[in-house]
Amino acid sequence: MTDSKYFTTTKKGEIFELKAELNSDKKEKKKEAVKKVIASMTVGKDVSALFPDVVNCMQTDNLELKKLVYLYLMNYAKSQPDMAIMAVNTFVKDCEDPNPLIRALAVRTMGCIRVDKITEYLCEPLRKCLKDEDPYVRKTAAVCVAKLHDINAQLVEDQGFLDTLKDLISDSNPMVVANAVAALSEIAESHPSSNLLDLNPQSINKLLTALNECTEWGQIFILDCLANYTPKDDREAQSICERVTPRLSHANSAVVLSAVKVLMKFMEMLSKDLDYYGTLLKKLAPPLVTLLSAEPELQYVALRNINLIVQKRPEILKHEMKVFFVKYNDPIYVKLEKLDIMIRLASQANIAQVLAELKEYATEVDVDFVRKAVRAIGRCAIKVEQSAERCVSTLLDLIQTKVNYVVQEAIVVIKDIFRKYPNKYESVIATLCENLDSLDEPEARAAMIWIVGEYAERIDNADELLESFLEGFHDESTQVQLQLLTAIVKLFLKKPTETQELVQQVLSLATQDSDNPDLRDRGYIYWRLLSTDPVAAKEVVLAEKPLISEETDLIEPTLLDELICYIGTLASVYHKPPSAFVEGGRGVVHKSLPPRTASSESTESPETAPAGVPSSEQPDVIPAQGDLLGDLLNLDLGPPVSGPPLASSSVQMGAVDLLGGGLDSLMGDEPEGIGGPNFVTPPAAAVPANLGAPMGSGLSDLFDLTSGVGTLSGSYVAPKAIWLPAMKAKGLEISGTFTRQVGSISMDLQLTNKALQVMTDFAIQFNRNSFGLAPAAPLQVHAPLSPNQTVEISLPLNTVGSVMKMEPLNNLQVAVKNNIDVFYFSTLYPLHILFVEDGKMDRQMFLATWKDIPNENEAQFQIRDCPLNAEAVSSRLQSSNIFTVAKRNVEGQDMLYQSLKLTNGIWVLAELRIQPGNPSFTDLELSLKCRAPEVSQHVYQAYETILKN
């Protein structure tokens, strides 16, 4: 009779009856009662009131009854912790039962009872079970340690269970070894900094021996553990590969993928000249192909992993193209994935086969699949140059079918083909223009507009075509509006006389009638370019475009290397690192492939350069539009655009002068009423006197290293100070200092990750400041910043950013972004980093300027206890670009006359009187004269800092 009868009763007053039955003397009745309790619990009834009665039933020799009671106990121990303590004695007793099944059952249940109060009582029984003579008990106890560690990590460490677990790796039973490895891996993941799995050649050997005799899940645990090991040389890597290879023929696909992960990782260390390397490549293909004969869901997981493998080592599957041909009954998700891999494997040898397949797919009924197939034909043309002509004619045949979505996809990919092979297939433009009216998707319309604008000189009625799009300008998507604006400006630059009205119309639509900031900004830039310097506009807008790369959706090499280490896990299906989807980032460790050995580097051939090694053949990665959009939405913390300095005063214009001479310069004055965040000029009062002076000289000096004035010693560098404590930045600590070396200013940063999760995607931005300091390049942190890791970065700066007077003058406000958040801090930079190398005046000029600057601009300062004589003072200051113009001795006192120039062209003149004090220390009197007296205090501070350090 089945147990279903226990689930059918719905009597009231059941609890009382069950209570009576549980306390019955008859064993059978007791067992029946416990089964009824478990049935009620399973359907969601609250039977916690029977806790003491059920626990009393534990004292039995009947294994089935014991299992049921333990099941009940696991479920209700958390809600009845005080009662659960009653069961402890029975656990202790059961752990010494002669039957190993009961001992194992007791230890398994102990691990599942997550009650702090009773964990310490369980340590003794667990210790005995870890050393039990029966391997079944030992393997169960190993997993129990991991569970206990999750409840109370400190207790497990204090009791020495971790050392016992490490000893179990050397156990004679392979299942015990596998469970010990699984438990240690689990604990190590939640504590990335602890070196629990201290793998060495001896322990690896034990694991490999156990590998052959484990169950399939035991094999997966061991293989995953091997994947975290880095062999000491290529010989060891090859030896491990040889012993792992037999796992490729396992029936369980998870074992196969784990073995592939180990081999892909260790192949990185093998030289490509080795015969074994070629053998290994051949052995990897059949198991991957076999995975594709499973059911669709497994196929999809296999295909996502194969996609990564093909990007890393296409040679593995280059002869297996046919396996990826789509079957009529494949689900759409499998079809799309196969299509992607087909394109990655496309080469000159198999392109004819691939194109015939793709043309077939383009006539299918599934719209998404057809679109992807048409796009794939274009990608083949870009990837395999010899096939481009055949691809273009295939696309033209598809356009002739007049199927709307096929035509639109074909136009999008033909645009890319034009970008890859300019001046080769433009004869097809006429055919494309015939289909203009049928385009209703933004991407296709934008592609067609780009083609018309780019080849306007070849299309007689280009102006009419673009004008037809202009009629519904405000109803178009942003993508189309931006493309239309650029296309009409291109057309105007190619045929200025005929299209003046058209360009005026689109510029006013984009700037005055649009509320999209991107469109407005682009409109203003074109407007100002055209109105100030049409020749420059032509050079900018009609510049030769770089050829697009063959693969536009390759995974970025460092991310690919990380994902290869996660083959067979969710990360390899999502194609994202675990930190991107594991909440809180607990236990997420960034992995990377082992470094290539010297022997393998020397024999590297450019065609098969690994993803991490740049080579001339390696295609650039163009980020997908979605990524760019995401970055813009997060925060635009890119490097600033270098441009001319801001004007020091703002001239308000009354009327908008379309294409007249009124829009003075790209970053110049704003017409009244037209707001644009990029063109806000600080009002005159906000700029310190003379800060608007031409910066040209200062900027050219930054790079003019041949003038011979600059000294190589470099100016004084202050020690690093903490600018952003970890407390205020969710675990990110930033300390730094500023340096100036041979005309280049740098911000030397030290980033420390004191959080528990990995930090990536760093970017930096400065607020407007008194001297226009801005990053000259993006903040590049080349590898993800792991917990407790520190990285040193030198960020080059320039002085062509936006200017605004700060209080104090040398205040710099900084924003730093990473994958966690955006953080803000401010710091004071020492003014001497802005002293330029050509700051030495000639004597006559010095005299004339000193007299010319009014006396009220003179400031007096004292520098006490300077440990240097006149000669040393002059030399020390010169290394920081404060130059001695003349030197005199008046009544036993040395007088130094000095000049310095700031990056924005402000000159500061100084008279330094050196009064000998006691033999080793002297006092200095400093007089400073400058047309912008507010800088004097900061120049004095620079003098004091340089001379006293």
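Just so it is clear, the structure is predicted and the values come from calculations on it, not from any experiment.
Remark: the backbone N or O of Gly743 is paired with a side-chain donor or acceptor of Glu837 at under 3.5 angstrom. Judged by distance alone, with hydrogens and angles left aside, the side-chain atoms of Lys929 form a donor-acceptor pair with the main-chain N or O of Ile853 at under 3.5 Å. A donor-acceptor pair under 3.5 Å is absent between the side-chain atoms of Ser874 and the main chain of Ala870, judged by distance alone. Within the 3.5 Å criterion, the main-chain N or O of Ala726 finds no donor-acceptor partner in the side chain of Lys754. With hydrogens and angles ignored, the 3.5 Å screen pairs no side-chain donor or acceptor of Lys720 with any backbone N or O of Ser735. With hydrogens and angles ignored, the 3.5 Å screen pairs no side-chain donor or acceptor of Ser746 with any backbone N or O of Pro796.
Using a 4.5 Å heavy-atom threshold, the side chains of Phe766 and Leu797 count as touching. Counting only heavy atoms from C-beta outward, the side chains of Thr884 and Leu877 never approach each other to under 4.5 Å. Side-chain contact between Pro557 and Leu560: absent, with no pair of heavy atoms (C-beta onward) separated by less than 4.5 Å. Inter-residue side-chain proximity for Arg522 and Arg520 is flagged as unmet; no heavy-atom pair is nearer than 4.5 Å. At least one side-chain heavy atom of Val873 sits under 4.5 Å from a side-chain heavy atom of Leu947. In this structure the side chain of Phe861 never reaches within 4.5 angstrom of the side chain of Gln941, judged on heavy atoms. Put simply, the side chain of Arg740 reaches to within 4.5 Å of the side chain of Asn881, judged on heavy atoms. Side-chain contact between Leu812 and Met747 is present, with at least one heavy-atom pair separated by less than 4.5 Å.
Minimum interatomic distance between Ala859 and Ser936 (heavy atoms only, all atoms of both residues): CB-CB, 4.1 Å. When all heavy atoms of Cys930 and Ile906 are compared, the pair lying nearest together is SG-CG2, 3.6 Å. Pro808 approaches His938 most closely through the heavy-atom pair CB-CE1, 4.2 Å. Residues Val822 and Ala815 come closest through the heavy atom pair CG1-CB, 4.4 Å. In this structure, Ala718 and Tyr716 approach most closely via the heavy-atom pair CA-OH, 3.6 Å. The two residues Glu858 and Ser927 make their nearest non-hydrogen contact at OE2-CB, 3.5 Å.
Ring planes of Phe846 and Trp850: parallel class, angle under 30° (limits at 30 and 60°).
Asn949 CG to Thr945 OG1: the interatomic distance, rounded to the nearest 0.5 Å, is 6.5 Å. For the atom pair CG (Leu926) and CD (Glu911), the distance works out to 9.0 Å, reported to the nearest 0.5 Å. Here CD of Gln750 is found 4.5 Å from CD of Glu792. Values are rounded to the nearest 0.5 Å. How far CG of Leu900 is from CE of Met841: 9.5 Å, rounded to the nearest 0.5 Å. Residue Phe825 holds its CZ atom at 12.0 Å from CD1 of Ile722, rounded to the nearest 0.5 Å. Between the CD atom of Glu268 and the OG1 atom of Thr230 there is a distance of 11.5 Å, given to the nearest 0.5 Å.
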Test log, rule side chain to side chain contact (heavy atoms under 4.5 Å, CB included), inputs Asn819 and Met759: CA-CA 6 Å; Asn819 58 324; Met759 294 181 179; 4.0 Å; yes
Could you go through the side chain to side chain contact (heavy atoms under 4.5 Å, CB included) check for Ile793 and Leu751 one step at a time? CA-CA 8 Å; Ile793 297 156; Leu751 309 181; 3.7 Å; yes
Check step by step if side chain to side chain contact (heavy atoms under 4.5 Å, CB included) holds for Leu831 and Leu834. CA-CA 6 Å; Leu831 212 65; Leu834 304 173; 3.9 Å; yes
What do the steps show when you test Asp894 against Arg913 for salt bridge (Lys or Arg N to Asp or Glu O under 4.0 Å), and what is the final call? CA-CA 6 Å; Asp894 286 318; Arg913 186 188 298 260; over 6 Å; no
Side chain to side chain contact (heavy atoms under 4.5 Å, CB included) for Leu732 and Ile820? Distances and angles first, verdict last. CA-CA 10 Å; Leu732 173 65; Ile820 298 170; over 6 Å; no
When you look at Asn889 and Gln893, which way does the side chain to side chain donor-acceptor pair (under 3.5 Å) test go after all the steps? CA-CA 5 Å; Asn889 189 292; Gln893 292 183 351; over 6 Å; no
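Every residue two or more places apart in sequence or in another chain that forms a ring pair (Phe, Tyr, Trp, His ring centres under 6.0 Å) with Phe581 is listed here: Tyr574.
The closest side-chain donor-acceptor pair between Tyr943 and Gln898 falls under 3.5 angstrom. Side-chain N/O atoms of Asp761 and Asn818 include no donor and acceptor closer than 3.5 Å. Looking at Asn769 and Lys805, their side chains never bring a donor and an acceptor atom within 3.5 Å of each other. No side-chain N or O of Asn811 forms a donor-acceptor pair with one of Glu807 less than 3.5 Å apart. Side chain to side chain, Ser794 and Asp748 meet the donor-acceptor criterion of an N or O pair below 3.5 Å. Between the side chains of Arg888 and Tyr897, a donor-acceptor pair is found at a separation under 3.5 Å.
For Phe883 and Trp907, the gap between ring centers reaches or exceeds 6.0 Å.
At a threshold of 4.0 Å, the pair Lys576-Glu562 does not count as salt-bridged, since none of the basic side-chain nitrogens sits closer than that to a carboxylate oxygen. The pair Arg876-Glu871 fails the salt-bridge criterion, with no side-chain N (NZ, NE, NH1 or NH2) lying under 4.0 Å from an Asp/Glu carboxylate O. The pair Lys901-Asp838 counts as a salt bridge, with a side-chain nitrogen and a carboxylate oxygen less than 4.0 angstrom apart. For Lys948 and Asp865, the salt-bridge test fails: no basic side-chain N is under 4.0 Å from an acidic carboxylate O.
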